[in-house]
Amino acid sequence: MEQSANDSSLITLSALRAMKERSEKIACLTAYDASFAAVLSDAGVEVLLVGDSLGMVLQGHATTLPVTLEAMAYHTGCVSRARRRALIMSDMPFMSDATPLRALDSAAALMREGAQVVKIEGGRVMLEMVRTLAERGIPVCAHLGLLPQSVHKRGYRVQGRDPAVASTMMEDARLLEGAGADLLLLESVPAALAQRITAAASVPVIGIGAGAACDGQVLVLHDLLGVSPRQPRFATDFLTGNSGGIAAAVASYVRAVKDGSFPAAAHSFE
Ligand code: KIV
């Protein structure tokens, strides 16, 4: 559906910032194709993340590392052609942001397909890339905490329980925002640390396994639909037992994020 950039019903970065200011929670989900993008957006999801998790849930890889820029651009195009209202954020795949110049080229490839925000993984090591993208007018989300692209170095472990790691993450969040990041995303971070980062940040903070205090929540769609082979502790299957089908399951997720009932303590880490 073609839309004008001035359509006030469209979710923009300033709409997300306004939601943070009025403490309205932001609902985000991964989407990889046009059909689901339409269902999710119509169910009230504000941000569609074309995540490199597609390497695992669509392509069957063990990690996100084999995902190419071409694959990310292809799926970004599939999602953006079905866009109704939600903002579209796409992951920069492994090493596509290794230098400022590569990051510019990679972000351009995703934005040409309809991405409105690009997400990069990493703390202060990514400052130069974030600054370069921001200076060229490209919105960036900085992903901190558990970094799936660094799995071979850091594992799939909760990050920030150690006080030194926690204070580095706090500082990284501040530096990344200062470099121009428009959004932060925290994955598998103790709830109390995520709460401190969210309170200190002026930009919206989206969490996954990071407790209920974040400004918004994201899940991998396949976890929400209960079709992942192994359900992470921070996810919930909203489909099983929901007689309304997929659209109703997504709508229940959106409601639960908005009313603060998801994530519960059982989905969070200390
Ligand atoms: O790729 C992805 O789906 C993600 C989420 C886990 C946040 O980055």
Side-chain angles (χ1 to χ4, degrees), residues 16 26-33 36-37 40 45-69 71-76 78-79 86-97 106-107 110 115 117-123 126 140-151 154-159 169 173 176 181-189 194 197-198 204-211 214-225 227-236 250 253 257 262-263 267-269:
L16 297 181
I26 299 162
C28 173
L29 273 179
T30 65
Y32 316 103
D33 68 35
F36 276 108
L40 271 45
V45 173
E46 277 112 3
V47 181
L48 298 179
L49 170 63
V50 187
D52 60 357
S53 50
L54 69 84
M56 299 165 86
V57 297
L58 299 190
Q59 298 175 333
H61 294 296
T63 70
T64 59
L65 303 188
V67 176
T68 62
L69 183 62
M72 289 307 303
Y74 171 79
H75 287 282
T76 298
C78 295
V79 167
L87 186 82
I88 297 171
M89 170 152 83
S90 293
D91 267 337
M92 300 269 262
F94 182 54
M95 289 301 152
S96 67
D97 49 11
S106 306
L110 299 177
V117 181
V118 296
K119 177 162 79 58
I120 61 166
E121 290 185 17
M126 300 310 290
V140 181
C141 173
H143 180 149
L144 293 168
L146 190 159
L147 306 178
Q149 293 173 10
S150 303
V151 57
R154 298 160 58 147
Y156 289 121
R157 274 190 292 276
V158 176
Q159 301 290 317
M169 205 186 300
L176 287 159
D182 299 279
L183 297 171
L184 299 173
L185 186 144
L186 301 177
E187 178 167 356
S188 297
V189 169
I197 293 175
T198 305
V205 178
I206 311 292
I208 175 164
C214 296
D215 300 306
Q217 298 294 327
V218 60
L219 280 182
V220 170
L221 175 64
H222 293 58
D223 293 341
L224 176 147
L225 298 178
V227 293
S228 299
R230 212 174 52 85
Q231 185 80 308
R233 164 174 159 186
F234 53 69
T236 290
V250 175
Y253 164 74
V257 169
F262 180 82
H267 309 117
S268 307
F269 301 104

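Keep in mind that this is a model prediction, so the values were computed, not measured. Whatever order the structure lists ligands and atoms in, that order sets their numbers, starting from 1. In what follows, residues are counted from 1 in the order of the sequence shown.
- V67 is not listed as a side-chain neighbour of F94, based on a closest heavy-atom distance of 4.5 Å or more.
- For ligand 1 and S53, the ligand atoms under 4.0 Å from any heavy atom of the residue are 1 (O), 2 (C), 3 (O).
- Using a distance-only test at 3.5 Å, with no hydrogens or angles considered, no donor-acceptor pair links the side chain of R233 to the main chain of G209.
- Taking a cut-off of under 4.0 Å to the non-hydrogen atoms of H143, the atoms of ligand 1 that pass are 8 (O).
- Every heavy atom of E121 sits 4.0 Å or more from the atoms of ligand 1.
- Near G51, the atoms of ligand 1 lying under 4.0 angstrom from a non-hydrogen atom of the residue are 1 (O), 2 (C), 3 (O).
- Listed for the Q159 side chain is a donor-acceptor partner under 3.5 Å among the backbone atoms of R157.
- H222 and Y32 have their aromatic ring centers within a separation under 6.0 angstrom.
- In terms of modelled atom types and a separation under 3.5 Å, the side chain of Q231 and the main chain of L224 share no donor-acceptor contact.
- Looking only at protein heavy atoms, the nearest one to atom 5 (C) of ligand 1 is L49 CD2, 3.8 Å.
- Residue E187 is tested with L147, I208, L144 for a side chain to side chain contact (heavy atoms under 4.5 Å, CB included); the sole match is I208.
- Below 3.5 Å of separation, one finds an N or O of K119 facing an N or O of ligand 1.
- A donor-acceptor pair under 3.5 Å is absent between the side-chain atoms of Q217 and the main chain of V257, judged by distance alone.
- At a 3.5 angstrom cut-off on N or O pairs, E187 does not count as close to ligand 1.
- Near T30, meaning under 4.0 Å from one of its heavy atoms, ligand 1 places the atoms 3 (O).
- Those atoms of ligand 1 that come under 4.0 Å of a heavy atom in D91, given as number and element, are 1 (O), 2 (C), 8 (O).
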